[in-house]
Amino acid sequence: MKKVLIRNIGCLQTPVGSWSHKGSKQGMNEKFMNAAIAIEDGKITEITEDGKLPGAEEDFDEIIDAEGNLVTPGLVDGHTHLIFGGYRQHEIAMKLAGADYLDILRAGGGILDTVRKTREASFEELYAKAGAFLDEMLGFGVTTCEAKSGYGLDAENELKMLEVIRALGKEHAMDVVPTFMGAHATPPEYEGKEDEYIEMMCEELMPQVRDKGLAEFCDIFCEDSVFNAEQSRKYLMKAKEMGFALKIHADEIEAIGGSQLAGELGAASAEHLIAIEEDGMDSMAAGGTTAMLLPATSFYLDKTYAPAKRMIEKGIPVALASDFNPGSCPSLNLQFVINLGCLKYRMTPEEVLTAVTINPACACGRGDLVGTAEPGKQADLIIWDAPDFEMVCYRFGSNLAKHVIKKGELVK
Ligand code: NIG
Ligand code: FE
């Protein structure tokens, strides 16, 4: 049983509890000054403050000196499209020529371009590429992430993506939460036959994903020109019936009923929500659905920003994630998302910290394990090159994660 002590922590800032935080609680963090953390077997056992130590130094196998810096829980990235073949840098020229995201998709590019490249890629290629992304994410302080399938769009390739996610979850230091997103787009072989495609997903593929235990969540892209609210309802109801928890890409470009559906079905989270309207927010608040907001995608698509403060006012738990993918957000830097949370959503640093730790942890079914620094939780922590979290919100473009600790082990 390895015992680790982190001492000389200038400030330990963390939300508390294993539940999601909404309304005025979104901005509630504890701050322990001049603190120390005792870790045993990868879990936090004790936190002390005011210069006290949780035991004599010689009782510990390893001592980490935080040198007076800020410590927070490891970040949780609750929305990524981690596994994909190729890249789409050629879309920059198309965008400069005036094409928008859905124009590119309707012309057979965008997601469908990545589908072609992902189908061509082997399990080993996808595994190596995504493993390197996970290394990079850990370096930014992300210690748990969600990962979606959705660039296979047929049984063979969706299962291949989910197998890659499963293998990485077992073999990489990162905790990876698997989501089946077979309904990310309609593949060319089903063009114009969206209903048939959804039927095939529900009747053939979803049962296989469940029987193989390859995903905890099911997600669908509910959007104009992709899947409508009725198709989304069918897919998500089937998923719920099969025991999956639900996520939905909703109201990203147009509000076509996705956020209402999310609340109505009790989805764990609805993602994007740039175009959400009041009734969608009311439904999410009533259903206890977390808003998984993706400000780096607004930035990259040059769109407006989701009404995060209004959602907090309405009692919706808000989480912020990267949406890392090869099209609408080719960045996995969750620290930039933190900057945008403050500057574009106008959230306070405390609200933002909750939104990148405990709220996404809960929306990914990991609230009892990670998302806060408290006795009993996994020792997933960041020692920042910063005295306080305001500094992390204020500096941008640099990586301020100085050391990253995963299950009590220094991984950076
Ligand atoms: O969440 N909006 C839909 N899906 C992804 C983008 C995927 C892609 O463009 O490859 C998203 O932004
Ligand atoms: Fe997404």
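In each ligand, atom 1 is the first atom listed, and ligand 1 is the first ligand listed.
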Novice: In ligand 1, which numbered atoms sit nearer than 4.0 Å to a non-hydrogen atom of Arg88?
Specialist: 8 (C), 9 (O), 10 (O)
Novice: I'd like to know whether ligand 1 has Glu223 as a neighbour, heavy-atom separation below 4.0 Å.
Specialist: no
Novice: Tell me which one of Tyr197, Tyr151, Phe84 satisfies ring pair (Phe, Tyr, Trp, His ring centres under 6.0 Å) with His184.
Specialist: Tyr151
Novice: Do any N/O/S atoms of His272 come under 2.8 Å of the Fe ion (ligand 2)?
Specialist: no
Novice: Side chains of Glu271 and His79: any donor to acceptor distance under 3.5 Å?
Specialist: yes
Novice: Within 45 degrees of the axis of the six-membered ring of Phe123 and under 6.0 Å from its centre: does Lys129 put its NZ or CZ there?
Specialist: no
Novice: Checking a contact table here: which protein heavy atom is nearest atom 3 (C) of ligand 1, and how many Å away?
Specialist: Phe221 CE2, 3.2 Å
Novice: In terms of side-chain geometry, is the basic nitrogen of Glu40 or Lys2 positioned less than 4.0 Å from the acidic oxygen of its partner?
Specialist: no
Novice: Cation-pi between Lys247 and Phe217: NZ/CZ under 6.0 Å from ring centre and within 45° of the ring axis?
Specialist: yes
Novice: So, 2.8 Å as the limit: is an N/O/S atom of Cys329 located closer than that to the Fe ion (ligand 2)?
Specialist: no
Novice: Take every heavy atom of Thr114, measure it against each atom of ligand 1, and state whether any distance is under 4.0 Å.
Specialist: no
Novice: Numbering the atoms of ligand 1 from 1, which are under 4.0 Å from a heavy atom of His79?
Specialist: 1 (O)
Novice: Over all heavy atoms of both residues, which pair between Ile83 and Met161 is shortest? Give the atoms and the distance, please.
Specialist: O-CE, 3.1 Å
Novice: Give the atoms of ligand 1, by number and element, whose distance to some non-hydrogen atom of Asp323 is under 4.0 Å.
Specialist: 1 (O), 11 (C), 12 (O)
Novice: What is the nearest protein non-hydrogen atom to atom 6 (C) of ligand 1, stated with its residue, atom name and distance?
Specialist: Tyr101 OH, 3.0 Å
Novice: Please list, in number order, the atoms of ligand 1 under 4.0 Å from a heavy atom of Ser328.
Specialist: 6 (C), 9 (O), 11 (C), 12 (O)
Novice: What is the closest protein heavy atom to atom 2 (N) of ligand 1, and at what distance does it sit?
Specialist: Glu252 OE1, 2.8 Å
Novice: Could you tell me if the side chain of Ile37 sits less than 4.5 Å from the side chain of Ile9, heavy atoms only?
Specialist: yes
Novice: Quick check: Phe299 with Phe336 (ring centres under 6.0 Å apart)?
Specialist: yes
Novice: Could you establish whether Tyr151 and ligand 1 come within less than 4.0 Å of each other, counting only heavy atoms on the residue side?
Specialist: yes
Novice: For the pair Phe324 and Phe133, evaluate ring pair (Phe, Tyr, Trp, His ring centres under 6.0 Å) and give the outcome as yes or no after the intermediate values.
Specialist: CA-CA 10 Å; Phe324 177 52; Phe133 290 145; 4.8 Å; yes
Novice: Looking at His79, pick out the N, O or S atom nearest to the Fe ion (ligand 2) and give its name.
Specialist: NE2
Novice: If you measure from each heavy atom of His184 to ligand 1, is any distance below 4.0 Å?
Specialist: yes
Novice: Does Glu203 pair with Lys238 as a salt bridge, N-O distance under 4.0 Å?
Specialist: yes
Novice: The Fe ion (ligand 2) is nearest to which N, O or S atom of Asp323?
Specialist: OD1
